[in-house]
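Notes for the one structure printed next.
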Amino acid sequence: MNDWLSALFALFIFPGFGFLFVCALACQWIDRRVAARLQGRIGPPWFQPLADFVKLMAKEDILPVGAHEWACAALPLVSLAAVLTAALYIPPSFPPIGGDERGGWATSAFEGDLIVVLFLFSIPALAYFLAGWLSVSVFSVVGGNRSLLQYFAYEVPFLMALCGPAILSGSWSISRIAAQQSQTVWMVLVQPLGFLLAIIGLIGKLKRSPFDIPKAKSEIGAGPLTEFSGRKLALWYLTLHMQMVVGIFLLVNLFLGGCGNWSPGPAALIFGVKALLILLVLSVASVLYARLRIDQLANLGWRVLAPLALLQMLVIIWIGVG
Amino acid sequence: MTTRPSDYLTKRLTDQMTRITIPIGPQHPALKEPLSFLLTVEGERIVESVLRLGYVHRGIERICQNRNYVQNVHVVERVCGICSHIHTTVYCQGVEALLGLQVPPRALYLRTLLCELERIHSHMLWLGVLAENVGFTTIFMYAWRDREIVLDIMEELSGGRVAHAVNVIGGVRVDVDEPQVDSILMRLDELEQRIETLLGVIQHERTFQVRTRGVGHLSAEQVRRYCVVGPTARASGVDVDMRRDAPYAAYDRLDFRVITAEEGDVWARTMVRVPETIESLHMCQQLLTGLPDGPTTVRARRRVPPGEVVSRAEAPRGELIYYIRSDGSDRPARVKIRTPTLPALSTLPDQLRGVHTADVPAVLAGVDLCIACADR
């Protein structure tokens, strides 16, 4: 009975849906607010993300004639599920409580969960493409194509950058990589290049400015989501924002040492500060640049980022061997 | 020669698969005014574009024939929501020429001042639109925030932010006093600093340059063939500027540079328009410091002697031409307006050919379209 309760608690409250939902709204608000201040605007009040979500949930849900109805309904759910599942393996890694040396609150941590998380992380990208492809509008088809091209551009450097900490610490478990850093040094100090590449990859994955190519509003409306409305759109937005939270958590664990050897209270605080730092980097990056074109991004991905990632990996292997 | 049905079918299928048609407009986030494009796209490259116009045609030229000369000042002011003052300037200039009026110098200076303030506000608006279209929201926000300074000055001078109703036949209806001149000069100094900051950001930001360089190219030859005017022509190395070539109002008494560039792409247009904004600021300073004394209007008769006149001036987007014919009554027999956007529109199919779909907003913004002007 107790196991049941704790499993339900983990799934729906912490670190599951409820926690991520709050984090997603908070991150969205901070991001919008910071970007607004940097652009000389005021930005929305704190409840705006929640209000947007509620409003969209309540709005009429329409799809154009010819759109694949059940697929369009299933895709946001599938990608939301993928993100939520990934979140179960990415601990807001509290230090082991009650002798659980596998990584505390991460409910289902195991050796190799990094691979699973990276796989789960690609599902929203594919679902996003399919959403564009199946919802008949030209804008969404073009946006879908672009999102797939973008996926090929950022995914390889992103994966290689994330493999760095795993290779160096000799473990494929996110919580173990995080825990190990508190004994040695933060990965960001050993492989700053990898961290930078991971941030750039994350911006591409989250389709944030300057890589908001698939949903460039002055070019193709809302991209793949052009024809979505009401609940489906609300779920899509929620998915994308949760993906941002989970992505940030992942980077904190892999590169910034999770929350180190602290007791739960300070640990939560420290983890939050680190996550906030990455969020600020993302926000600042989103106001600093003009949007790239898809071919320019592909060039950047393969001619600059991928070789750099390779270089970083070679350095890591050399360090690891030496 | 016979074609096998299977070949035909394959061709049809591949044609359908590789070519899609993307509608841009009449409602589209990249367009601030209604205009419609049907783009035929292969992959991400545009092979053909079909333009449709006329969504905001209001029949202003015809309306002008039903109103008297004084009322028409307010009618032509509504041709455009951005460059409203230049329309009344050109119209009043034409009617004054028909009447043989000598407009007092103070009125000419104030007219010119408003013209230049309007150019600053139009160019900054344009910079914001371009920046937003290439996905550089920050510049958009900054440019439009700083543009408020000019709008405030214009509101203070005339009571209106974009529709000023400053010109009357025979002069202007507003005047400035000494403290006002000082306060405007001070704010113009601040604006100059801000524009220079913006210019610095644009010149040093590579992402902005890779999105605008080589996009929407027009050669000097194309510019001449399509009769393109204004900053778009100057960015292709065609040195035309009515303010210098055919001085009107107080321009013959001003010292200014006409800015040109050679590349002929959106980047060159930016590098013409933004420095031109600073040049306009300097002209405003000259106008305000050298403002002559005297009356601001002369009396004009209501009936205009028979005759015809062509009046022209440099609008923010280029040469604006009014043709006015009078039959001796208090109403014009014909008013014909030729706006600078019209030739710019006809270059768009050329500019869009072979362009990446992602660059369409940049191309559209680059020529600084004013659809309301073109449709009238």
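Quick note on labels: first sequence line is chain A, next is B, and so on, each numbered from 1.
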Original post:
Would you say A:Y237 has more than 12 foreign heavy atoms packed within less than 6.0 Å of its OH?
Top reply: no
**OP:** Anything in residues 25-44 of chain A with a heavy-atom distance to chain B below 4.5 Å? Please list those residues in order.
**Re:** A:L38, A:Q39, A:G40, A:R41
Subject >> Over 12 foreign heavy atoms within 6.0 Å of CD, A:E69 >> reply: no
Original post:
Does anything in residues 275-290 of chain A get under 4.5 Å of chain B by heavy atoms, and if so which residues?
Top reply: A:V287, A:L288, A:Y289, A:A290
Subject >> Distance-minimising heavy-atom pair for A:Q296 and B:V210 >> reply: NE2-O, 3.1 Å
Original post:
Any idea which heavy atoms bring B:T21 and A:V138 closest together, and the distance?
Top reply: O-CG1, 3.5 Å
Subject >> Test item: A:R291 and B:V134 side chains (from C-beta on) under 4.5 Å apart, heavy atoms >> reply: no
Original post:
Is there a donor-acceptor pair under 3.5 Å between the side chain of A:R293 and the backbone N or O of B:R211?
Top reply: no
**OP:** Residue by residue, scan residues 183-208 of chain B and write down, ordered by number, those that have a heavy-atom distance under 4.5 Å to chain A; if none do, write 'none'.
**Re:** B:E205, B:T207, B:F208
Original post:
For chain B, which residues from residues 298-308 of chain A lie under 4.5 Å away (heavy-atom distances)?
Top reply: none
Subject >> Which portion of B:V129 sits near chain A, non-hydrogen atoms under 4.5 angstrom >> reply: neither
Original post:
Heavy-atom count around B:R213 CZ within 6.0 Å, excluding the residue itself: above 12?
Top reply: yes
